[in-house]
There are 2 protein chains.
Amino acid sequence: MNDKKYHHGNLKQCLIEAGIDLLNEEGENHFSLRKVAALCDVSNAAPYSHFKNKEDLLEAMKKYVTEQFSQQLYNAIQGESVEDPNTIVKMGKSYILFFINHPQYFEFLFSRPCIRVNLNMNDDGKSNFPPFELLKELHFKVLSKCGFSDEKIKDMIISSWATVHGLAAIATMEGVIYDESWENKIEAIISNKEKN
Amino acid sequence: MNDKKYHHGNLKQCLIEAGIDLLNEEGENHFSLRKVAALCDVSNAAPYSHFKNKEDLLEAMKKYVTEQFSQQLYNAIQGESVEDPNTIVKMGKSYILFFINHPQYFEFLFSRPCIRVNLNMNDDGKSNFPPFELLKELHFKVLSKCGFSDEKIKDMIISSWATVHGLAAIATMEGVIYDESWENKIEAIISNKEKN
DNA sequence: ATTATATCTTAACACCGTCAAGATTAATTT
DNA sequence: AAATTAATCTTGACGGTGTTAAGATATAAT
């Protein structure tokens, strides 16, 4: 009465999603390829048909989570005007909130080696981190309308990113309790940064 | 002619320092207790006389590195006046430079579970992260002289910390090249944050 | 129907964290 | 100084882990 098929059919995606479940339940320390395989009801070595090694699966998982992150940033500014500088604040708050809602993801996403960014923002050597591209594009759209030079905007992007990223880092540290006072704090800090 | 003694004599400290060497050479992924033991020329199980487990050694290593970090922050403002707001900028730059000079340490120090901070800055539940305490004290000293309220200063501490921490995070990412242009960038970003 | 390709299993390897038992040395007590 | 206690280190073992080679099974292509 074993209806288990020899071929899983959708193992690659199953491994990625089961991997993320395991990550959320046990943390990256207790994450193991064999456990993920077991969750998908396949043998220990089965993942090697789809991923080069453990690191390769972890990177696929990071891509998956990064996609969710990008989606949230994108949604945060839907319907907002690029004429309004406050739209940047909206995306910044969304950036921080993503990690407040998924604290485990902060360390996971930003643990090396994964993210490559091109802070010079020229064409050669693009970033492999779409959320940064979203942040970048929005800044150029909004701030060029405000009359800032490209060079100035580049600096402001780094400043903005550092601020929201740093706030996310702090907010997700152990012992930090996120309450309604954070909302105002975040709003104030990002907005202040804005008016340069 | 084996002059190796049964008792090492200074094994605990040796494990911590060899552990840091190993970390710097191979990264946290390829770090193993057995390798550290081998570096100290003792058996696999020897570390268990000094540390509860692997995690316990890693935390001791973090304390060790955190101590170096604190020392650098402390040195950065020696001889500087607490009357001069620029002293805060000096410490901020030192914060970032520490991780630019030791990129591996950023992920290592801030990977959980280690750092516990008390952002409310009241007495119960102090932070276990001395660098944060240094940052905090300096802000209170300098900014209260400028006439800011304690409540306002608390917010400014978080804002400052987020900024330098975020800049450190970005500066230590893969693919980011640190050159002289960063000096000015950092200076400008921190200073701007200052005048609120 | 045959062949080729993709996917999965089994079995094995070296490495790892950890522990129990015992050996050796150092510290303390008598 | 001798005996006892405590601290430190070794040996040997356990189950878990990443990874690979060889082979089994199913799907796709011919």
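In what follows, chains are A, B, ... by sequence order, proteins preceding strands, each numbered from 1.
The shortest distance between the side-chain N/O atoms of A:Tyr6 and the OP1/OP2 oxygens of C:dC8 is not below 4.0 Å. Taking side-chain N and O atoms only, B:His7 has no distance below 4.0 Å to OP1 or OP2 of D:dT10. Taking 4.0 angstrom as the limit, A:His50 places a side-chain polar atom (N or O) nearer than this to OP1 or OP2 of C:dC8. Here B:Ser43 reaches the OP1 or OP2 of D:dT10: one of its side-chain N or O atoms lies under 4.0 Å away. For C:dT9, the OP1/OP2 oxygens have no side-chain nitrogen or oxygen of A:Lys5 closer than 4.0 Å.
The shortest side-chain heavy-atom distance between A:Phe140 and A:Leu143 does not fall under the 4.5 Å cut-off.
Out of C:dC8, D:dT20, C:dT18, the shortest distance to the side chain of A:Leu11 is found at C:dC8. Looking at the side chain of A:Ala45, the nearest of the listed nucleotides C:dT18, C:dC8, D:dT20 is D:dT20.
In this structure, A:Glu59 does not pair ionically with A:Lys62, as no charged nitrogen and carboxylate oxygen lie closer than 4.0 Å.
Here the P atom of nucleotide C:dA21 and the OH atom of B:Tyr48 are 17 Å apart, to the nearest Å. Whole-Å rounding puts the B:Lys12 NZ to D:dA7 P distance at 13 Å. For B:Asn29 and C:dC15, the CG to P distance is 18 Å, given to the nearest whole Å. Nucleotide D:dG15 holds its C1' atom 12 Å from the CZ atom of B:Arg34, rounded to whole Å. Distance, A:His8 NE2 to D:dT27 P: 14 Å, rounded to whole Å. Regarding A:Phe51, its CZ atom lies at a distance of 11 Å from the P atom of C:dT7, rounded to whole Å. Rounded to whole Å, atom C1' of D:dA7 lies 15 Å from atom CG of B:Asn10. Per the geometry, CG belonging to B:Asn44 stands 10 Å off P belonging to D:dT11, to the nearest Å.
Residue-level contact check: B:Lys35 touches the backbone only, with heavy atoms under 4.0 Å from sugar-phosphate atoms and none from bases. A:Ser32 comes within 4.0 angstrom of sugar-phosphate atoms only, judged by non-hydrogen atoms across all strands, and of no base.
Of the inter-residue distances, the one linking A:Leu73 atom CG with A:Gln71 atom CD reads 9.5 Å to the nearest 0.5 angstrom. The CD1 atom of B:Ile190 sits 10.5 Å away from the CD1 atom of B:Ile88 when rounded to the nearest 0.5 Å.
Taking the six-membered ring for Trp and the full ring otherwise, the centers of B:Tyr95 and B:Phe69 sit less than 6.0 Å from each other.
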